[in-house]
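Chain letters run A, B, ... following the sequence lines, proteins first, then strands; residues in each count from 1. These numbers come from the heavy atoms of this one structure, side chains and all, not from hydrogens, waters or symmetry mates. Predicted model only: the values in this text are computed from it and were never measured.
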Amino acid sequence: MSVLVGRDKASALTATTWWLLGVALALSASLSHNALLLGSVSFVSLALIAVFADRERGRTTIRIYGTMAILVIVLRIVFRIVFNSPTLDPVAFNLPTLSAQVGQLRFSYLGPVSWINLGRAFIDGLHLAAIILAVAMANAVANPRKLLRAAPTALYEFATAAAVALNLAPQLVTSLFRVRRARALRGASSGLSGFGGVVVPVIEDAINKSLELAASMDARGFGRTGRQKPGALAASRAAIALALLLMATATYLLLAGHSEVWLPVTLVAIALGAVSASMRLANLHQVRTRLVIQRRTAMDILIRLVALALLILVAAAQLPSDAALRWLS
Amino acid sequence: MISLRDVTFTFSGAESPTLGRVNLDFTSGEFALIAGPTGSGKSTLLKLMIGLAPHFTGGSVAGSIQIDGHEYSGLQPHDFASRVGYVNQQPEGSFVSDTVFEELAFGMEQLGIEPETMRARIDYVAETLNLTHLLQSSLDSLSGGEQQRVAIGAAIAGGQQILLLDEPTSALDTVSATTLLAVLRRLSSQGITVIMAEHRIERLLGSVDSLTVVHGDGTVSKVKAIDGYDQLLRNNRMVPPVVELGQKLGWTPLPLTISQAAEKWRSEPAECAARGGVEPGDTVLSAVDVSVNYGEVKAVSSASLSMRSGSISALVGPNGSGKSSLLWALAGELKHAGSVSFGDGVEPASLKPSQRLARLAMVPQNASDLLMLSSVGAELAESDAFAEMATGTTGQIFASLSGRIDPKRHPRDLSSGQQLSLVIAMQLAKGAGILLLDEPTRGLDYVAKHRLAEQLLSLRDDGKAILIASHDIEFLALVADSCSLISHGALAPFGPANDVLSTLAEHAPQIWQVTHRVATVAEVLA
């Protein structure tokens, strides 16, 4: 039995698919320093928000995360201009060089700014901006709470922690708006950093709200384990913990680029095995039932495969041996 | 049904227990009210009955909690979930889904109920709570009262026989609250034990089966309606207006409802001295044809009003009627059509906050949003510095509003009433003659409300022009000189407060409904 729900455009795909896509885009951006790829990730994310997100939610997301993305790029460029390293490349514009001597160390700031340095700074900024926008896309299109509903029982503890954390970001945004609006009524003296004053109530508020959500879910039975043998429960949790550890190690190895390819790949394979074993164990004593199911469609599978392919392609392009894909990195 | 035996609960780091050796029994189908001052431990008592205390609040618990004779002490909230449903103060914050249907199903899915049964239960619950037409609606699109009913439905859909509600009516306007109350009554008559904690009890006292008072010193007393609440309420200050009237006139037994009081009043009427009208001063703020739109939604349509010094006016209306939007527009912080100007023609929106605060101050719904420093003393000093006033200016206003408070205390540790006084003092430091208050009594108990009323009246006597947006009729009856009803963004003309409030029929101030001459207990002579 299932009921198809949701009349919004975003329900063309399941929440899980949206988040897998978001994570794949973010990971691809984090692996690459290619301007074309980073630009595409940013553009695709924004386009998906514009098309699929609920209007109000989309507008808020673009305003907040878009500002954040632009800020990151601008900051990178400003830092590069201030903490300039002199080059022989064509100079874009000249600024006076300031130097300071601290003990034996000599620091110099500003000076002639080259096009190459500006370009690098821009790509550095774009690198982070693309990651921010990819996550913003998933957040805007598929409420993280939906993801939580779909989480398998075996992942309960991690899912709750993740839900609280994921819910924190949008909650922060909501609280930020409210507090900033209220703050405008009071004003602040020049001696007081407006930033610090806003941050405390906003974070307090957002954390409280997130915990409230977790408490309410627990009170409604989320996390019941049923008549599971304590041994099986412990084994299933241990397997999940192991899988997470392996995944983290594999990611590190891959990003650090210190190892051969086979090692992270093997680790990921073992991790996937551990996850499926854990789910098998937990599902032996399934206590939950489902009434509201959004079925995976062929489109879901397709998008997930495309996301995976993109990730593999970008990851492969990072490997020094693979010259054929050099153009990507 | 559910019993507490010698239950003691202590927050970690607290010197004395919030609840000490509490013994309580709630029977099947009981409609129970837990009352007491804010911060006395009402919510904690509810949370103990579903395991949220101590599992989500921290702290330590002793004693035993039993449901139908089964021991539940020490269990997690999800172990209680099949027997107990819980609805917290802000239900919208606890929603997990997008639509009403999904939300009602969520709890049952966790409990492992068969899909066929779930479907039937959802139909049944939707029918009982009058949600059938909303099943496919998005949760965001619902009104506060509807959200509250969805949360209740979700809490009992799995066949839970105990329903706990934390302040279910305090954020609701009168009409939604009345509807909700009828629904809860129906549930209890179907055998569900309904236990609610609430500090706004004027609408509840007459219809509940029992009253449990959490005194705030760790003790708790419970009395059944048939045994009478007289002993519990006789010298209690935390009581609604009709009970206060009974206390003042020495009536025995104390009236709990308007009809009881009205009957007694007919046989023993007392003298009344209506409050003298005030002579308002000059017009200090006027708004002409103010409209506020959010996209296609009209929040306020062509509202016109004027505020005069030395008077308190009130905007009365249900949730979502446009009260807040109008206030924000008047404060110059919300884009609007039409004009808002001070007596000399200057527009609030054209001024910087520092200049504006010399003329107009606003306190928003969440007053604590304005508090940002780590001690009361620092807040006061910052306020003086920003207002460019002599050191101690804000402190003086604050002291006159709420008495001396240790300046080393953290603002977030103050009670809601004290926080509100602090924010009012800060906002008035620069000598603003106009004060706008949005829903100021949210979270205040009866004593705190009386204190706030005194503060506002003394500010009025100092010549301030005050505008309050609220749906708390009893509070407005205490302070307002003139009132206007607002609904769907349209403002009715202002009139004398008693005339306007008395047109609200069954929602008029309790004392008005009893005496038909005055609206507050103070105006009735003992």
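Residue Y124(B) places its OH atom among 12 or fewer non-hydrogen atoms of other residues, nucleotides or ligands, all under 6.0 Å distant. Q355(B) CD: more than 12 foreign heavy atoms inside a 6.0 Å radius. Residue M299(A) qualifies as open at atom CE: its count of foreign heavy atoms under 6.0 Å is 12 or below.
In this structure, K209(A) does not pair ionically with E92(B), as no charged nitrogen and carboxylate oxygen lie closer than 4.0 Å. With respect to the salt-bridge test (charged N to carboxylate O, under 4.0 angstrom), the residues E379(B) and R186(A) qualify.
Contact of M426(B) with chain A is made through the side chain alone, with heavy-atom distances under 4.5 Å. For L334(B), the part sitting under 4.5 Å from any heavy atom of chain A is the side chain, from C-beta outward, and nothing else. V87(B) does not touch chain A: none of its heavy atoms, backbone or side chain, sits under 4.5 Å away. Residue contact with chain A, scored on non-hydrogen atoms closer than 4.5 Å, is absent for Q89(B). For a residue to count as touching a neighbouring chain, one of its non-hydrogen atoms must lie under 4.5 Å from one of that chain's; by this rule F56(B) touches chain A with the side chain only. For a residue to count as touching a neighbouring chain, one of its non-hydrogen atoms must lie under 4.5 Å from one of that chain's; by this rule I50(B) touches chain A with the side chain only.
Side-chain contact between M217(A) and Q110(B) is absent, with no heavy-atom pair separated by less than 4.5 Å.
Of all non-hydrogen atoms in S94(B) and S216(A), the two that sit nearest each other are CB-OG, 3.0 Å. Heavy-atom minimum distance, D369(B) versus A182(A): CB-CB, 3.7 Å.
Within the 3.5 Å criterion, the main-chain N or O of L185(A) finds a donor-acceptor partner in the side chain of Q427(B). A distance-only check finds a donor-acceptor pair linking the side chain of D218(A) to the backbone of H78(B) [under 3.5 Å].
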task: With side-chain contact (heavy atoms from CB on, under 4.5 Å) as the test, would you mind laying out the steps for R220(A) and E103(B) before giving the verdict?
output: CA-CA 11 Å; R220(A) 288 163 68 184; E103(B) 189 65 21; 2.6 Å; yes
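Counting heavy-atom pairs closer than 4.5 Å to chain B, the top-ranked of the candidates R55(A), R181(A), E212(A) is R181(A).
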